[in-house]
Amino acid sequence: MSRMWNKIPFKSSELQLTGTLNGGQSFRWNFDITEKTWTGIFAKTVWKLQQENNCLKYQVLGTLLEKSNKETEIFEMLLKNYFRLDVDLGNYYKKWSERDQFFKSACVQFYGIRMLAQEPVENLFSFICSQNNHISRISTMIEKLCKHYGEKICEVDSVPYYAFPDVEKLSQLEVESHLRELGFGYRAKFIKKSANQIVQWGGKKWFGSLKDMKYTEAKAELMKLCGIGPKVADCICLMSLNHLEALPVDTHVYQIAAQNYLPHLKGKRSVTEKVYSEIGDHFRSLYGDMAGWAHTVLFCADLKKFQQADSITVEQGNQRKKKKK
DNA sequence: CTGTGACCTTATTG
DNA sequence: ACAATAAGGTCAC
């Protein structure tokens, strides 16, 4: 059965799917090189996306959301929210470019990088997996989480798609040993224990309260979880709790900062708490209240797979990943 | 408060 | 080929 494309009009210059979906924010999107489409999952729904003529086109391949006569409206609303289409990104790129020459030159090929509004649970456990790890392994680990603990949404061409699991599922007793068997290493304990803590503190309600807190309070709260330090806490604040001034300082960002902004950091062997906040504060004073978003554009520009890479190389990278079974 | 090493596993590097 | 290294860190001294 062939599906129809739905269309959301949106300037292509302000939405770049490649950098946004494959730039290390979410790990659940895959590019199909022949169809030139992106397939991915959020909100218990399997989406296929494509860009054309200033339109974002989408199909829903399957969903666990309840039936409704307003389905089209709901799906459209979910997408608009996920990509934050209400944010006029052109204005912000202009502002960041005016304030920073380095940003100005970096952003040319990296137009339209949008900060996704992700779901907190997926975001939190994905970035526990991300520590001391590379993107390819992070992706396979997250797929394992979904396959073993998530609800099946549908099957397309005999490929099953799973929703990201609930916290309750991940807090079960046997999760730690099981995840170790599946190759999660020491992150297995972090996942199980954090899930447990979150359930005890109220689950969904707890995440809701983090959105209402100030950024620094929300970050401190997150860092009480097992396996969540300053960097992952900032990722969660930025990517799913709407605290856009949060600025995760990882090895890449540290290098960028030492090379281009804060040369006195060059000799340092490790990022201490003090250096960490110095870097964050520097970028916040430079870019303002959405510094984390600007930082994501720089991070994208720094990612190896995007360097001197047109989309072809990126696509080949995905192909290889898929073949590996 | 700062510095250092261990920690799981594996894709990439030389 | 095949070992060493680094990979979007965190925790415990």
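Numbers restart at 1 for each chain; the letters A, B, ... are given by sequence-line order, proteins then strands. A quick note: this is a predicted structure, and the numbers were derived from the prediction, not measured.
Other residues, nucleotides and ligands contribute more than 12 heavy atoms inside 6.0 Å of the NZ atom of A:K95.
Listed candidates were B:dC8, C:dG8, C:dC11. Nearest to the side chain of A:F190 is C:dC11. With B:dC8, C:dT10, C:dG8 as the choices, the nucleotide that has an atom nearest any side-chain atom of A:R180 turns out to be B:dC8. Side chain of A:R269, nearest nucleotide from B:dT2, C:dG8, B:dT4: B:dT4. Between B:dT4, C:dG8, C:dT10, one nucleotide has an atom nearer to the side chain of A:S270 than all others, and that is B:dT4.
Rounded to whole Å, the distance from CD1 on A:I135 to P on C:dA7 is 12 Å. In this structure, A:M141 atom CE and B:dT10 atom C1' are separated by 11 Å, rounded to whole Å. Atoms OH (A:Y254) and C1' (C:dA7) sit 17 Å apart, rounded to a whole Å. Counting to the nearest Å, the P atom of B:dT4 and the NZ atom of A:K268 are 11 Å from each other. The distance from atom CD1 of A:I191 to atom P of B:dC8 is 13 Å, rounded to the nearest whole Å. In this structure, the CD atom of A:E278 is 11 Å from the P atom of B:dT2, given to the nearest Å. Put simply, OH on A:Y276 is 12 Å from C1' on C:dT10, counting in whole angstrom units. Atom CD in A:Q255 sits about 12 Å away from atom C1' in C:dA6, given to the nearest Å.
At a cut-off of 3.5 angstrom, the base of C:dG9 holds at least one donor-acceptor pair with the side chain of A:Y186. Looking at A:R137, its side chain has no donor and acceptor atom pair within 3.5 Å of the base of B:dT10. Between the side chain of A:H134 and the base of B:dT12, no donor-acceptor pair under 3.5 Å is found.
As judged by a 4.0 angstrom heavy-atom cut-off over every strand, A:G24 is placed among the base-contacting residues. Residue A:E181 is classed as having no contact, given no heavy-atom separation below 4.0 Å to the nucleic acid. Nucleic acid contact for A:I128: none, since no nucleic acid atom lies under 4.0 Å from a heavy atom of the residue. Among the atoms of the strands shown, none is found under 4.0 Å from any heavy atom of A:I138. Heavy atoms of A:V249 sit nowhere under 4.0 angstrom from any nucleic acid atom. Looking at heavy-atom distances under 4.0 Å, A:R187 makes contact with a base.
Look at the P atom in both C:dA6 and B:dA6: the space between them is 16 Å, to the nearest Å. Nucleotides B:dT4 and C:dG8 are separated by 23 Å at their P atoms, to the nearest Å. Distance check on atom P: C:dT5 versus B:dG5 gives 14 Å, rounded to whole Å.
Between A:P248 and A:C226, the residue anchored nearer the 5' end of DNA chain C, judged by the nucleotide with its closest heavy atom, is A:P248. Comparing A:I228 and A:H295, the nucleotide of DNA chain C nearest to each residue sits closer to the 5' end for A:H295.
In this structure, A:W47 has its ring center closer than 6.0 angstrom to the ring center of A:F75. Outside the 6.0 Å centre-distance limit, the rings of A:F83 and A:F10 are not counted as a close aromatic pair. Two rings, from A:H252 and A:F299, have their centers less than 6.0 Å apart.
Taken from CD1 in A:I8 to CD in A:Q51, the straight-line distance is 11.0 Å, to the nearest 0.5 Å.
At the phosphate of C:dG9, OP1 or OP2 sits under 4.0 Å from a side-chain N or O atom of A:T251.
Looking at A:T37, its side chain never comes within 3.5 Å of a backbone N or O of A:E35 through a donor-acceptor pair.
Classification of A:D234 and A:K231 as a salt-bridged pair fails, no side-chain N sitting under 4.0 Å from a carboxylate O.
Using the Watson-Crick or G-U wobble rule with both distances under 3.5 Å, C:dG8 pairs with nothing in any strand shown.
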